[in-house]
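Got a structure here, written out as structure tokens. Questions coming.
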Amino acid sequence: MNGVSGRMGYRQHLVRSILAIRDAGGVELPDGTKVQVEPLLVGRSEAKLAELAAKHGIEHYTTDLDAALADDRWHIYADFLVTKARAAAIKKAIAAGKAIYTEKPTAESFDEALELARLATAAGIKNGVVHDKLYLPGLIKLRRLIDSGFFGRILSVRGEFGYWVFEGDWHPSQRPSWNYRAEDGGGIVVDMFPHWNYVLENLFGRVESVYARAVTEIPERVDEAGEAYAATADDAAYGIFELAGGITAQINSSWTTRVNRDELVEFQVDGTHGSAVVGLFGCKIQPRNATPKPVWNPDLRNEIDFDSTWVEVPDTEESVNGFRAQWEEFIRHVIANTEHRYDFLAGARGMLLAEKGLESHRTGARIDLPEISADRVPDTAEGAEAGEPARTER
């Protein structure tokens with residue numbers, strides 16, 4: 001586990017996933033047996049690693065990634081580094097023949113992300129990319145609504161994500177400063193558009209085009225050492241995505257907005273037979289035959305209590321941490337060869353959407369996205385820009 005001293009690597013992947021799995025006795029395989037997990041912590045600071053290991057009863061830690069990759073005891077390489085350092089480390093893990101599970105984006109560019117997918121395929125190793133939001137209770141409920149035909153024909157998706165990230169001067173920031181420096185791989189487009197790509201393509205349909213605007217609302221912030229720095233990365237982005245099947249999605253992403261909704265991310269899905277508003281956990285619906293009939297009249301106060309006309313979808317099963325759920329799925333994939341749908345090609349598609357979103361911002365144009373799959377892979381980003389089908393690779 002490389003990068004566990006970072007916020008996501010520590011909280012979600014180490015504590016809430018791997019250690020939770022370890023404490024529960026391991027991962028149950030399809031044949032009913034269990035496989036236990038044992039982490040090896042990798043990082044730059046031996047002192048930090050030793051502190052984490054002592055706190056959580058972990059035996060193994062090292063600052064030597066090369067030695068860890070050369071050790072046959074460790075089967076999976078997990079990467080939670082900053083984006084700038086990720087691709088080089090993953091290439092080492094591919095060369096070492098390890099199964100690989102990584103945060104996203106998988107690389108700083110689509111070309112590099114595509115290269116990782118090709119290298120992993122050529123090496124014949126199992127690989128996976130975090131798609132945590134698909135495992136959240138709210139989106140699982142949404143998936144069931146879609147599968148049941150609740151919406152009829154889906155017309156549109158609207159998403160709101162974000163919250164106010166303090167600038168770091170009078171109040172400490174709750175996000176690392178590198179997130180706001182483009183030179184360090186920061187920016188909300190490269191952070192969130194890969195998320196939106198997998199949410200949209202797995203629930204509604206492939207993203208076929210993007211029109212986006214990315215802005216830096218707060219030009220100066222204060223880092224962890226109390227030093228002011230120029231914020232060179234975008235901290236807000238507004239995207240319109242055309243999906244297969246004629247669905248239009250609009251998603252706002254911002255670290256410069258104050259929250260006035262039930263959850264930090266919410267999606268409204270409208271269809272001919274019904275609508276839903278979905279967050280991380282909650283999901284409320286309004287079917288066609290229970291839809292109120294508002295009439296526009298600016299001279300009269302509206303008398304409809306719109307909130308009361310929605311029905312909450314109940315929880316019907318115990319909620320499991322989304323990161324842990326995907327970890328368990330990937331471990332079964334590695335050990336028992338079960339299906340795991342979210343590989344390096346999925347990561348490359350997410351990075352392609354981020355790149356094309358930034359290109360749309362620079363040019364002011366709507367940008368088409370080619371199909372990227374095991375059967376249709378452009379050789380480079382230039383091929384993707386042209387929408388060229390390339391050689392078939394498996």
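One is the number of the first residue; the rest follow in order along the sequence. Small disclaimer: the values here were computed from a predicted structure and weren't measured.
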Handout entry: Derivation of the ring pair (Phe, Tyr, Trp, His ring centres under 6.0 Å) call for Tyr10 and His56
Key = CA-CA 11 Å; Tyr10 175 69; His56 295 288; 5.5 Å; yes

Problem - Ile58 vs Leu14 side-chain heavy atoms within contact, under 4.5 Å - result: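 Answer yes - side chains close enough.
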
Problem - Lys/Arg-Asp/Glu bridge criterion (N-O < 4.0 Å) met for Glu359, Arg362 - result: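 No salt bridge links Glu359 with Arg362.
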
Practice task
Please check if Leu134 and Val277 belong to a single hydrophobic cluster, counting links between Ile, Leu, Val, Met, Phe, Trp and Tyr side chain heavy atoms closer than 4.5 Å.
Solution key: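 Leu134 does not cluster with Val277.
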
Practice task
Determine whether Leu81 and Leu116 fall in the same hydrophobic cluster, where Ile, Leu, Val, Met, Phe, Trp and Tyr are linked whenever their side-chain heavy atoms lie under 4.5 Å apart.
Solution key: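 Yes, one cluster joins them.
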
Exercise for the section: Give the intermediate values and the outcome of ring pair (Phe, Tyr, Trp, His ring centres under 6.0 Å) for residues Trp327 and Tyr135. Expected result: CA-CA 11 Å; Trp327 256 112; Tyr135 294 80; over 10 Å; no

Practice task
Using a 4.5 Å cut-off on heavy atoms from C-beta on, say whether the side chain of Trp255 contacts that of Asn179.
Solution key: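 Yes, side chains in contact.
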
Exercise for the section: Please determine, by modelled atom types, if Thr33 and Asp31 share a side-chain donor-acceptor pair under 3.5 angstrom. Expected result: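 Asp31 and Thr33 do have a side-chain donor-acceptor pair below 3.5 Å.
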
Exercise for the section: Please name the pair of heavy atoms, one in Ala99 and one in Val334, separated by the smallest distance, quoted to 0.1 Å. Expected result: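 Reported closest heavy-atom pair: CB-CG2, 3.9 Å.
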
Practice task
Examine Trp196 and Val278 and state if one hydrophobic cluster contains both, with Ile, Leu, Val, Met, Phe, Trp and Tyr joined whenever side-chain heavy atoms are less than 4.5 Å apart.
Solution key: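 Yes; tracing contacts between hydrophobic side chains, which count when under 4.5 Å, links both residues.
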
Problem - Salt-bridge criterion met for Glu103 and Arg86 (N-O under 4.0 Å) - result: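 No.
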
Handout entry: Lys/Arg N to Asp/Glu carboxylate O, Lys55 vs Glu51, below 4.0 Å
Key =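 No.
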
Problem - Salt-bridge criterion met for Glu38 and Arg73 (N-O under 4.0 Å) - result: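 So Glu38 does not pair with Arg73 through a salt bridge.
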
Exercise for the section: Look at the rings of Trp170 and Phe166 and say which category their plane angle falls in: under 30° parallel, 30 to 60° tilted, over 60° perpendicular. Expected result: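 The rings of Trp170 and Phe166 stand perpendicular, inter-plane angle above 60°.
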
Practice task
Answer yes if the side chains of Ser177 and Glu224 hold a donor-acceptor pair under 3.5 Å, and no otherwise.
Solution key: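 Yes - a donor-acceptor pair under 3.5 Å links their side chains.
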
Problem - Test side-chain contact (heavy atoms from CB on, under 4.5 Å) applied to Asp270 - qualifying residues, sequence neighbours left out - result: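 Result, side-chain contact (heavy atoms from CB on, under 4.5 Å) vs Asp270: Ser156, Arg158, Gln268, Ser275.
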
Practice task
Look at atom CZ of Arg143 and say whether more than 12 heavy atoms of other residues, nucleotides or ligands are closer to it than 6.0 Å.
Solution key: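 Yes, CZ of Arg143 has more than 12 neighbouring heavy atoms, counting only those of other groups under 6.0 Å.
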
Exercise for the section: Side-chain contact test, heavy atoms from C-beta onward, threshold under 4.5 Å: evaluate it for Tyr238 versus Val215 and give yes or no. Expected result: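 Tyr238 reaches Val215 side chain to side chain.
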
Practice task
Assess whether side-chain contact (heavy atoms from CB on, under 4.5 Å) is satisfied between Thr121 and Leu345, documenting all intermediate values.
Solution key: CA-CA 10 Å; Thr121 299; Leu345 271 181; over 6 Å; no

Problem - Close side-chain approach of Ile18 to Met1, heavy-atom, < 4.5 Å - result: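 Answer yes - side chains close enough.
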
Problem - Within 6.0 Å of CZ in Arg44, more than 12 heavy atoms from elsewhere - result: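 Atom CZ in Arg44 is not crowded, with 12 or fewer foreign heavy atoms closer than 6.0 Å.
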
Practice task
Compare all side-chain heavy atoms of Arg349 with those of Arg206 and state whether any distance is below 4.5 angstrom.
Solution key: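 Arg349 does not reach Arg206 side chain to side chain.
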
Handout entry: Whether His340 and Tyr101 hold their rings parallel, tilted or perpendicular, with breakpoints at 30° and 60°
Key =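 If you compare the ring of His340 with that of Tyr101, the planes turn out perpendicular.
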
Practice task
Using a 4.5 Å cut-off on heavy atoms from C-beta on, say whether the side chain of Phe267 contacts that of Leu203.
Solution key: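 Result no, sub-4.5 Å side-chain heavy-atom pair not found.
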
Exercise for the section: Would you kindly say whether Arg175 and Tyr163 are connected by a side-chain donor-acceptor distance under 3.5 Å? Expected result: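 Judged by distance alone, the side chains do pair up.
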
Handout entry: Ile125 side chain reached by Phe344 side chain, heavy atoms, under 4.5 Å
Key =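 Not in contact.
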
Exercise for the section: Count the heavy atoms belonging to other residues, nucleotides or ligands that lie under 6.0 Å from NZ of Lys126, then report whether that count exceeds 12. Expected result: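 Above 12, so yes.
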
Exercise for the section: Taking Ser17 for its side chain and Gln12 for its backbone only, find out whether a donor-acceptor pair lies under 3.5 Å. Expected result: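 Yes, because the side chain of Ser17 sits within donor-acceptor range (under 3.5 Å) of the backbone of Gln12.
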
Exercise for the section: Using the six-membered ring of Tyr229, assess whether NZ or CZ of Arg181 lies under 6.0 Å from its centre and within 45 degrees of the ring axis. Expected result: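 The answer is yes, since Arg181 meets both limits relative to Tyr229.
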
Practice task
Check whether any side-chain heavy atom of Lys356 lies under 4.5 Å from a side-chain heavy atom of Phe193, and answer yes or no.
Solution key: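 Heavy-atom side-chain distance check fails, nothing below 4.5 Å.
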
